[in-house]
Amino acid sequence: MSASPSPFADVPLAPADPILGLTEAYNADPRPEKVNLGVGVYQDESGKVPVLNVVREAEERWHDREETKSYLSQVGPPSYITEVQKLLLGPDSLLLNDGRVVTVQAPGGTGALRVGADFLKKYYPESTVWVSSPTWENHCALFEAAGFRTESYPYYNPETHDLDFEGMKRTIRGLPSQSIVLLHVCCHNPSGVDLSRDQWREMVEIFRTSDLIPFIDFAYQGFGEGIEPDAFAVRAFAEAEIPCLISSSFSKSFSLYRERVGALSFITTSREEAERVLSQVKRTIRTNYSNPPSHGAQVVALVLSDPALRARWEEELAGMRNRIQEMRHLFVETLREKGVKRDFSFIERQKGMFSFAGLPLEDVRQLRDRYGLYMTDSSRMCVAAMNERNIGYICDALAEVVGT
């Protein structure tokens with residue numbers, strides 16, 4: 001008897017993810033001196049993704065306190081929702097007092113973006129999603145998977161290694177009504193180039209007088225200048241009472257990558273509108289993953305609500321942020337010491353975990369093939385993957401390829 005044909009016989013092989021595929025190639029490379037600058041996670045001075053000390057203590061406390069493994073509500077633990085809102089908008093936010101903010105727990109920042117995309121697709125099916133050029137590789141994929149068409153607005157100027165703010169403003173001002181505009185508020189991924197406060201004030205005014213829908217991606221709070229200053233743009237939109245969506249994440253700031261701890265928040269115009277939005281977001285969650293996971297959110301809530309733990313978390317977060325800034329400085333100085341004439345000083349001006357090295361594809365491939373130095377084809381580097389043990393090797397390889 002012949003077997004029935006497989007329903008999967010015509011399923012094609014998908015191309016490798018540009019980041020995960022690079023990591024697979026790195027893992028298969030036998031050279032001990034290899035360095036993965038394409039990875040999108042914070043690493044400490046020993047090259048490991050750390051478990052924060054404050055997280056270990058909070059996990060022990062939660063283990064002793066947990067009494068059930070029953071489902072959470074669709075929105076997540078109330079204590080988590082409260083702490084996320086205060087972290088985003090400040091504890092004295094008038095919008096919180098007015099009940100105009102809706103927040104739901106999500107499986108990481110990516111999960112928050114997808115829940116928001118599914119929600120928006122229901123009410124704005126003909127809208128286009130506009131993302132910065134460049135943006136995180138997964139942004140377009142997840143909005144397109146939700147059924148949207150994506151386009152890009154000017155953002156990074158590779159000639160100046162800086163922001164093309166005039167191009168950004170000009171394009172966003174001219175967008176059709178009800179366009180959805182994705183905004184990175186700090187530590188732009190992949191460029192490391194952020195708007196200044198004055199530029200954010202201009203951007204807020206553009207949205208205040210337009211019929212656009214801002215969707216704010218806030219994955220790196222605390223990795224730019226600090227917890228409070230990094231929230232400036234989010235709070236500027238809130239204070240201007242501009243309805244918007246905000247995706248946030250604790251993957252980086254708590255080093256909780258595998259726990260998938262994120263949130264999706266909505267700023268609305270009234271308490272009654274917030275209730276309606278929440279009812280529909282719950283339906284979106286129900287048909288997506290039903291209920292959120294517990295562990296990571298409970299740990300985050302416990303830390304943020306305990307003053308002593310909160311202070312220790314802020315200290316550890318500052319340590320991560322400062323180490324990245326030190327690596328930016330050391331990278332630029334070491335290249336100078338090795339006689340590299342090309343100006344890489346822009347790396348020091350940028351913020352967060354990522355920057356473009358500004359290298360052509362041929363140089364990127366030479367670095368990968370000859371030296372086991374892995375970065376994306378766009379020459380995006382994870383500065384957080386640098387440390388005092390590998391910085392010399394990284395700069396030697398660049399000096400050989402770029403020239404002195």
Side-chain angles (χ1 to χ4, degrees), residues 40-91 93 96 101 103-112 186-187 218-224 226-231 234 246-265 285 289 291-324 352-353 384:
V41 296
Y42 174 84
Q43 298 174 47
D44 62 19
E45 62 279 357
S46 66
K48 295 181 179 180
V49 178
V51 178
L52 302 188
N53 293 326
V54 71
V55 166
R56 288 191 186 278
E57 180 169 336
E59 286 180 321
E60 291 175 2
R61 290 193 194 182
W62 178 246
H63 180 269
D64 293 337
R65 182 182 301 181
E66 189 173 34
E67 296 179 342
T68 180
K69 291 294 185 181
S70 184
Y71 291 118
L72 292 177
S73 73
Q74 287 167 305
V75 301
S79 58
Y80 176 76
I81 301 306
T82 296
E83 294 303 329
V84 167
Q85 291 179 340
K86 290 193 297 184
L87 195 66
L88 292 177
L89 301 176
S93 167
L96 294 180
V101 182
T103 299
V104 296
Q105 183 189 338
T110 303
C186 74
C187 304
F218 195 20
Y220 299 96
Q221 186 172 9
F223 268 78
I227 295 168
E228 296 299 310
D230 287 352
V234 173
I246 306 163
S247 164
S248 57
S249 169
F250 293 104
S251 293
K252 281 77 178 177
S253 61
F254 272 74
S255 195
L256 284 172
Y257 298 94
R258 65 174 58 176
E259 305 300 345
R260 312 309 299 132
V261 192
L264 176 65
S265 299
I285 290 170
Y289 51 86
N291 304 81
S294 170
H295 179 79
Q298 302 285 12
V299 168
V300 168
L302 203 161
V303 170
L304 294 181
S305 62
D306 183 294
L309 293 179
R310 168 71 180 254
R312 287 172 51 195
W313 168 64
E314 291 188 13
E315 184 177 347
E316 290 194 74
L317 177 56
M320 292 190 285
R321 178 177 67 250
N322 292 337
R323 199 189 77 77
I324 293 173
M353 290 170 51

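As the structure is a prediction and not an experimental result, all values here were calculated from the model.
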What closest approach, in Å, do [X] and [Y] show between heavy atoms, and which atom pair accounts for it?
X	Y	answer
Ala263	Ala112	O-CB, 3.3 Å
Gly222	Leu317	CA-CD2, 3.8 Å
Gly296	Leu256	O-CD1, 4.3 Å
Asp230	Tyr220	OD2-O, 3.8 Å
Asp44	Pro50	OD2-CB, 4.1 Å
Trp313	Ser253	NE1-O, 2.9 Å

Under the 3.5 angstrom rule, does the side chain of [X] hit a backbone N or O of [Y] as a donor-acceptor pair?
X	Y	value
Gln221	Ile227	yes
Tyr80	Ser294	no
Glu259	His295	no
Ser247	Gly109	yes
Ser255	Leu52	no
Arg323	Gln43	yes
Gln298	Ser79	no
Gln74	Ile285	no
Asn322	Ala318	yes

If you define the side chain from C-beta out and look only at heavy atoms, does anything of [X] sit under 4.5 Å from [Y]?
X	Y	value
Leu87	Arg310	yes
Leu72	Gln105	yes
Glu59	Trp62	no

[atom1]/[X] to [atom2]/[Y] distance, rounded to the nearest 0.5 angstrom?
X	Y	atom1	atom2	answer
Tyr42	Met353	OH	CE	9.5 Å
Phe254	Leu304	CZ	CG	4.5 Å
Leu302	Glu83	CG	CD	10.0 Å
Leu309	Glu57	CG	CD	5.5 Å
Leu264	Thr103	CG	OG1	8.0 Å
Ser265	Leu88	OG	CG	5.0 Å

Q. More than 12 foreign heavy atoms under 6.0 Å from CD of Glu66: is that the case here?
A. yes
Q: Before giving the answer on side chain to side chain contact (heavy atoms under 4.5 Å, CB included), spell out for Val303 and Phe250 the whole-Å C-alpha distance, their side-chain angles and the decisive distance to 0.1 Å.
A: CA-CA 12 Å; Val303 170; Phe250 293 104; over 6 Å; no
Q. Any side-chain donor-acceptor pair under 3.5 Å between Ser249 and Ser251?
A. yes
Q: Could you tell me whether Glu316 and Arg312 make a salt bridge, using a distance below 4.0 angstrom between a side-chain N and a carboxylate O?
A: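 So Glu316 does not pair with Arg312 through a salt bridge.
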